[in-house]
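See structure below.
Each chain gets a letter, A, B and so on, in the order its sequence line appears, and its residues count up from 1.
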2 protein chains.
Amino acid sequence: MGTRYRGTREEVNVLDAFIKLMRASDSLTSRLSPLLSSAGLTLGQFGALEVLLHLGPLCQSELGRKLLRTGGNITMVVDNLERRGLVRRERGEDRRFITLHLTKEGRQLIQKIFPKHLDALLREMRILTEAEQKELGRLCKKLGKGSEGEIQAEGGCKKEITPSKGGRK
Amino acid sequence: MGTRYRGTREEVNVLDAFIKLMRASDSLTSRLSPLLSSAGLTLGQFGALEVLLHLGPLCQSELGRKLLRTGGNITMVVDNLERRGLVRRERGEDRRFITLHLTKEGRQLIQKIFPKHLDALLREMRILTEAEQKELGRLCKKLGKGSEGEIQAEGGCKKEITPSKGGRK
DNA sequence: ACTAAATAATTTAACATTAAAGTATTATTC
DNA sequence: GAATAATACTTTAATGTTAAATTATTTAGT
């Protein structure tokens, strides 16, 4: 572990903490993903189903805000979920909006998977005491700040705080 | 912030800490990426150049281990870097190996960008005291454990601890 | 009412990412 | 020394991801 970069003490400390933060989030999502894969779900698909389960029907733009994803991405994720019959698109009164509903199959699937996901997460996090989890949350919250403070879906694994960076072209 | 899931206290605590961890890492990488984009580099490309700068010439498989990426991914990232003339592929004596070298342009670019990246990271992390950074590192290290303990490149932003999960097909 | 602005969703192009299969090269084993 | 295994890299197919451009619809301003 640690960094090989030769710099000031502060630089080395910062790089070290940053690297461990990235490692931890990557490692956790990576260890949690086999369960989702076994249900044929990607992280994004799981996050979408989970938001729909816990927050109820939403339009795509709202889902994008919850998941911190761009509209184009939501279109694709929903396309794939719809193709598998897990969600249903429904045009609203305002025909610009499309409300997303879980189908029966979608609801069954996410209700089956979410508890397992939570179990796995509990097992992972129990390596820390309750006080340590609290402290980790506090530190991460400080670091993550600057973002717009949207409500994060439960247990989903999201990327990119601002749907505006890291793009191509 | 926080979770909307109704569960036991432990479940809520764990979800809360987990979500904040994900938020922090996403938020940080997202806030760091505009600088890289301005140099036309993706996170993966930056990570590759940075490893080559600080660890010297490497073969692709070794680079993949450092960046915790699959071979196929490394092939593509190196393709793109090579196309821009930032790295050079060199067949080794053992003709299965390809050693990657920074070109002059590649070296100049990463030497120009890395200090800026580090500056930006320092600014982000200074929201925490040195003791908090240390504690964050300690907690994240515990959480990230279970992985194989490879050396992480300095300042790079990686994904996936194990080059084996989250795939498709 | 008509235009202009705003909003929601989609499409497009480029790159990232994985797993799995394929190719080339080297090492091992009989 | 020829068959086999191991290793390194590439290719392929699928999904994800973004920014930017496009389309459809609604709202606001005149």
Side-chain angles (χ1 to χ4, degrees), chain A residues 26 29-30 33-34 36-38 40-48 58-65 67-84 87 89-100 156-169, chain B residues 26 29-30 33-34 36-38 40-48 58-65 67-84 87 89-100 156-169:
Chain A
D26 289 354
T29 57
S30 153
S33 64
L36 307 185
S37 302
S38 74
L41 294 175
T42 64
L43 290 170
Q45 292 172 354
F46 173 79
L58 289 175
C59 69
Q60 292 191 180
S61 52
E62 190 61 18
L63 181 60
R65 277 188 289 274
L67 299 180
L68 305 170
R69 288 294 114 99
T70 60
N73 182 22
I74 296 297
T75 294
M76 158 159 282
V77 170
V78 172
D79 280 352
N80 289 327
L81 289 174
E82 191 182 38
R83 184 150 36 81
R84 284 181 57 191
V87 303
R89 280 175 160 114
E90 199 170 88
R91 279 277 172 199
E93 179 186 357
D94 181 337
R95 295 182 47 74
R96 288 172 303 182
F97 287 77
I98 292 182
T99 305
L100 300 174
C157 311
K158 317 311 166 331
K159 297 285 149 195
E160 301 289 16
I161 228 55
T162 305
S164 64
K165 302 300 164 38
R168 286 79 186 164
K169 168 109 144 278
Chain B
D26 289 355
T29 56
S30 151
S33 64
L36 306 186
S37 302
S38 74
L41 293 175
T42 64
L43 290 170
Q45 291 172 356
F46 173 78
L58 289 175
C59 69
Q60 292 191 181
S61 53
E62 190 62 19
L63 181 61
R65 278 188 288 272
L67 299 179
L68 303 169
R69 289 295 112 101
T70 58
N73 181 23
I74 296 296
T75 294
M76 158 159 283
V77 169
V78 171
D79 279 353
N80 289 327
L81 289 173
E82 190 181 38
R83 184 149 37 79
R84 285 182 57 193
V87 303
R89 279 176 160 113
E90 199 170 87
R91 280 278 172 199
E93 179 186 359
D94 182 336
R95 293 183 48 72
R96 289 172 301 182
F97 288 79
I98 292 181
T99 306
L100 301 173
C157 311
K158 316 311 166 337
K159 298 284 150 197
E160 302 289 17
I161 228 53
T162 306
S164 64
K165 303 300 163 38
R168 285 79 183 164
K169 168 105 142 292

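Residue contacts shown for A:N80 are limited to sugar-phosphate atoms, with no base heavy atom under 4.0 Å away. When heavy atoms are screened at a 4.0 angstrom cut-off, B:T75 is found touching base atoms of the nucleic acid.
Contact of the A:L100 side chain with the A:V78 side chain is registered, since non-hydrogen atoms from C-beta on lie closer than 4.5 Å.
For A:T70, the listed nucleotide lying nearest its side chain is D:dT18; candidates were D:dC9, C:dA16, D:dT18. Distance from the side chain of B:R89 is smallest to D:dT10 among C:dT10, C:dC15, D:dT10. Minimum atom distance to the side chain of B:Q60 is reached by D:dT10, of the listed D:dT10, C:dA9, D:dT15.
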Distances for protein N or O near nucleotides 2-4 of chain C N or O, under 3.5 Å:
none

Write out a two-atom table: protein N or O, nucleotide N or O from nucleotides 1-3 of chain D, distance below 3.5 Å.
none

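Partners of A:E90 according to the side chain to side chain donor-acceptor pair (under 3.5 Å) rule, which considers only residues two or more places apart in sequence or in another chain, are A:R88, A:H101. Applying the side-chain contact (heavy atoms from CB on, under 4.5 Å) rule to B:R96 yields the partners B:D94; only residues at least two apart in sequence or on another chain are considered. Partners of A:R95 according to the side-chain contact (heavy atoms from CB on, under 4.5 Å) rule, which considers only residues two or more places apart in sequence or in another chain, are A:R91. Taking the side chain to side chain donor-acceptor pair (under 3.5 Å) definition, one finds that A:N73 meets it with nothing, sequence neighbours left out.
B:D26 places its CG atom 14 Å from the C1' atom of D:dG16, with the value rounded to the nearest Å. Between the CZ atom of B:R65 and the C1' atom of D:dT7 there is a distance of 10 Å, rounded to whole Å. Atoms CD (B:E82) and C1' (D:dC9) sit 13 Å apart, rounded to a whole Å. The nearest whole Å value for the distance from the CG atom in A:N73 to the P atom in C:dA8 is 17 Å. One atom, CG of B:L41, and another, P of C:dA16, lie 10 Å apart when rounded to the nearest Å. Between the CZ atom of A:R84 and the C1' atom of D:dT15 there is a distance of 12 Å, given to the nearest Å.
Contacts between residues 90-100 of chain B and DNA chain D, counted as heavy-atom distances below 4.0 Å, involve B:R96, B:F97, B:I98.
Put simply, A:T42 has a side-chain N or O that comes within less than 4.0 Å of OP1 or OP2 on D:dG16. Between A:S61 and C:dA9 there is a side-chain polar atom (N or O) within less than 4.0 angstrom of OP1 or OP2.
If you take CG on A:L63 and CG on A:L58, they are separated by 6.0 Å, rounding to the nearest 0.5 Å.
With A:R84 contributing its side chain and A:G40 its backbone, the two residues share a donor-acceptor pair below 3.5 Å.
Judged as a salt bridge (Lys or Arg N to Asp or Glu O under 4.0 Å), the pairs with a partner in residues 71-82 of chain B (not counting sequence neighbours) are, in order, B:D79-B:R89, B:E82-B:R89.
Between A:G71 and B:I74, the residue anchored nearer the 5' end of DNA chain C, judged by the nucleotide with its closest heavy atom, is A:G71.
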